[in-house]
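Labels below follow one simple rule: chain letters A, B, ... track the order of the sequence lines, proteins then strands, and each chain is numbered from 1. Small disclaimer: the values here were computed from a predicted structure and weren't measured.
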There are 2 protein chains.
Amino acid sequence: MLSQKSTIRQERCSRLLAALWYCAHMTASRTARERVRAELTREITDIARRRLATEGAGGLSLRAVAREMGMVSSAIYRYFPSRDDLLTTLIIDGYNALGEAVEQAEAAAPRADHLGRWLAACHGVRDWAVAHPHEYALIYGSPVPGYQAPQDTIPARVRDLTVLAGIIRDAWQAGAVRAPETEAPEELEPDAAALRELMPGVPDAVIWRAVTAWTAMYGWVNFEVFGQFDNTIEHRRTAFGHSMLTMAETMGLAQ
Amino acid sequence: MLSQKSTIRQERCSRLLAALWYCAHMTASRTARERVRAELTREITDIARRRLATEGAGGLSLRAVAREMGMVSSAIYRYFPSRDDLLTTLIIDGYNALGEAVEQAEAAAPRADHLGRWLAACHGVRDWAVAHPHEYALIYGSPVPGYQAPQDTIPARVRDLTVLAGIIRDAWQAGAVRAPETEAPEELEPDAAALRELMPGVPDAVIWRAVTAWTAMYGWVNFEVFGQFDNTIEHRRTAFGHSMLTMAETMGLAQ
DNA sequence: TCTTTTGAGAGAGCATTGCTCTCCTAAGTG
DNA sequence: CACTTAGGAGAGCAATGCTCTCTCAAAAGA
């Protein structure tokens, strides 16, 4: 009994050492094995993403992915410890894809045209969401599994928010924002801290209007992607643009 | 072979006749059997709703409900032909519960205080959603199963929208709405038809602002319920109220 | 009151899922 | 060249949705 325990501990210890050694040399040596592993990992996520786009998050099954790869299902677990980990990877990828779409859309507008940048960013979000409804549902819909680890997703999920903050910051510094007459309740003063860092110098009243516009935009996109506008609104892109123009006015973005 | 087929057809025919007879007499006779059936159906949905509240939509299993009822799983199928049908029932119930919460919240405000009615309705939605996050996710989150039948849900899902439309209609008739300067694009003219019926006399420009406010409200609630505000905004009810006040201003609702 | 119909629970069974084992081979390492 | 180890194969476990058949008691009809 004791010797068995000792053996186990020894084994675990040697594994730990091996893992440490592996970590220390990982960056230096790009062995063929590591390359094929990275390649297979990418192939798994690609297939999973494709299946996600057709079946939806609920229908994504590890076994189906394995089958499509010509692998046996247990082999997948060498690459992803669980189905939720695969989903988390897909979520992070989704955040990055959306963030990139927004960044590119916004970057296409002239820097001084703050209203144009806002509208471009909004359409960037909407167009991507409409084109990738299931991926969008994964990142901005109801949380699917028990609960995905939010820690890993933080760096990727703020990319779109950063774009908005940049627009508001630039517009404010350029004097292109009319400050609202009404102030935000003092109670909210500490809550704006994180946002204040993204938009230095911008008064809280403007920040809160930006938050309102932000949630309004995602509210619209949610409604549209999740089918709430079916059989009601046909010209959705136009209606969305008009709605976002209204929100620009609410934010005090000068025409 | 032929006789077997004929027997089957005969059997099916007699079943059909029995079903027709049953339908014809259903309303008149409330037998004990029907009462216990209704009672058990209600018990199933109650347990399902409770499990939904703790496990979420993904973790709702027919077998678990059956186990909790002391039934064998196959017996559940006498009451609901599939898991999706149970979910659809829950969705309709959710729409009705939310609709009722909104109606009650809005009814508590003085009729002439249109801004107060708007804010009350908004808080009605938010408070219910925060109190029943999984049910809210079921009705306003990403569509969970393959696709639920939207036809059955239509009567229940417009209750909240009707409340909003009533506020705007009353406010407009009372002259308490400032019409916006900018008009909506003509392209959207046909899309407002359904909404125009709910708010007779209200100009399209105001209707579209109401839609924007509506989506903004649900956008905020989505963000809050789905955890997008975690570790950022603490005083969420206050922030939500301020945001909805901003949207009232956007709609032109006079203070 | 007695026979017949029928609604509905029990139980076995099927295909599928996520995940965990143990084996075993071939690629990479000293 | 010996040997370590990453990783694929396959069986297996528990759970799921759903479909059968069997059976019995309650309701209906005479």
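Between B:R83 and D:dG17 there is a side-chain N or O to OP1 or OP2 distance below 4.0 Å. A sub-4.0 Å separation between OP1 or OP2 of D:dG8 and a side-chain N or O of A:Y79 is present.
Taking every heavy atom of both residues into account, A:Y77 and A:S82 meet most closely at CE2-CA, 4.3 Å.
Proximity of a side-chain donor or acceptor of B:S243 to a complementary backbone N or O of B:A239 within less than 3.5 Å is not detected.
Residues A:W214 and A:L161 form a side-chain contact, since some pair of their non-hydrogen atoms from C-beta on lies under 4.5 Å apart. A 4.5 Å side-chain heavy-atom check between A:D160 and A:Y218 finds at least one atom pair inside the cut-off.
Spacing between atom CZ of B:R51 and atom P of D:dG17 amounts to 10 Å, rounded to whole angstrom units. In this entry the distance linking CG of A:L40 with P of C:dA27 reads 14 Å, nearest Å. Note: CD1 (A:I44) to C1' (D:dG8) measures 12 Å, nearest angstrom. For B:M71 and C:dG7, the CE to P distance is 15 Å, given to the nearest whole Å. Rounded to whole angstrom, the span from the CZ atom of A:F80 across to the C1' atom of D:dG8 amounts to 17 Å. Spacing between atom OH of B:Y77 and atom C1' of C:dA12 amounts to 15 Å, rounded to whole angstrom units. B:L62 places its CG atom 7 Å from the C1' atom of D:dG17, with the value rounded to the nearest Å. Here D:dT19 presents its P atom at 11 Å from CG of B:D85, a figure rounded to the nearest Å.
Counting only heavy atoms from C-beta on, B:S74 has its side chain closest to D:dT19 among C:dA8, D:dT19, D:dG7. In the set D:dG7, C:dG9, C:dG18, the nucleotide with an atom closest to the side chain of A:R37 is D:dG7. For B:A75, counting side-chain heavy atoms from C-beta on, the closest listed nucleotide (D:dA6, D:dG8, C:dG9) is C:dG9. If you check C:dG18, D:dG17, D:dG10 against the side chain of A:V72, the one that comes closest is D:dG10. Comparing D:dC18, C:dC19, D:dA9 by their nearest atom to the side chain of B:S73 picks out D:dC18.
Nearest-nucleotide assignment on DNA chain D puts the 5′-proximal partner with A:I76, out of B:S82 and A:I76. Both A:R67 and B:R33 sit near DNA chain C, but only B:R33 has its closest nucleotide nearer the 5' end.
Between the CG atom in B:D127 and the CG atom in B:L98 there is a gap of 11.0 Å [rounded to 0.5 Å].
Contact of B:R78 with C:dG9 (side chain to base): a donor-acceptor pair of N or O atoms is detected under 3.5 Å. The base of D:dG17 sits with one of its N or O atoms less than 3.5 Å from a complementary donor or acceptor on the side chain of B:R63.
B:L86 comes within 4.0 angstrom of nothing in the nucleic acid, heavy atoms only.
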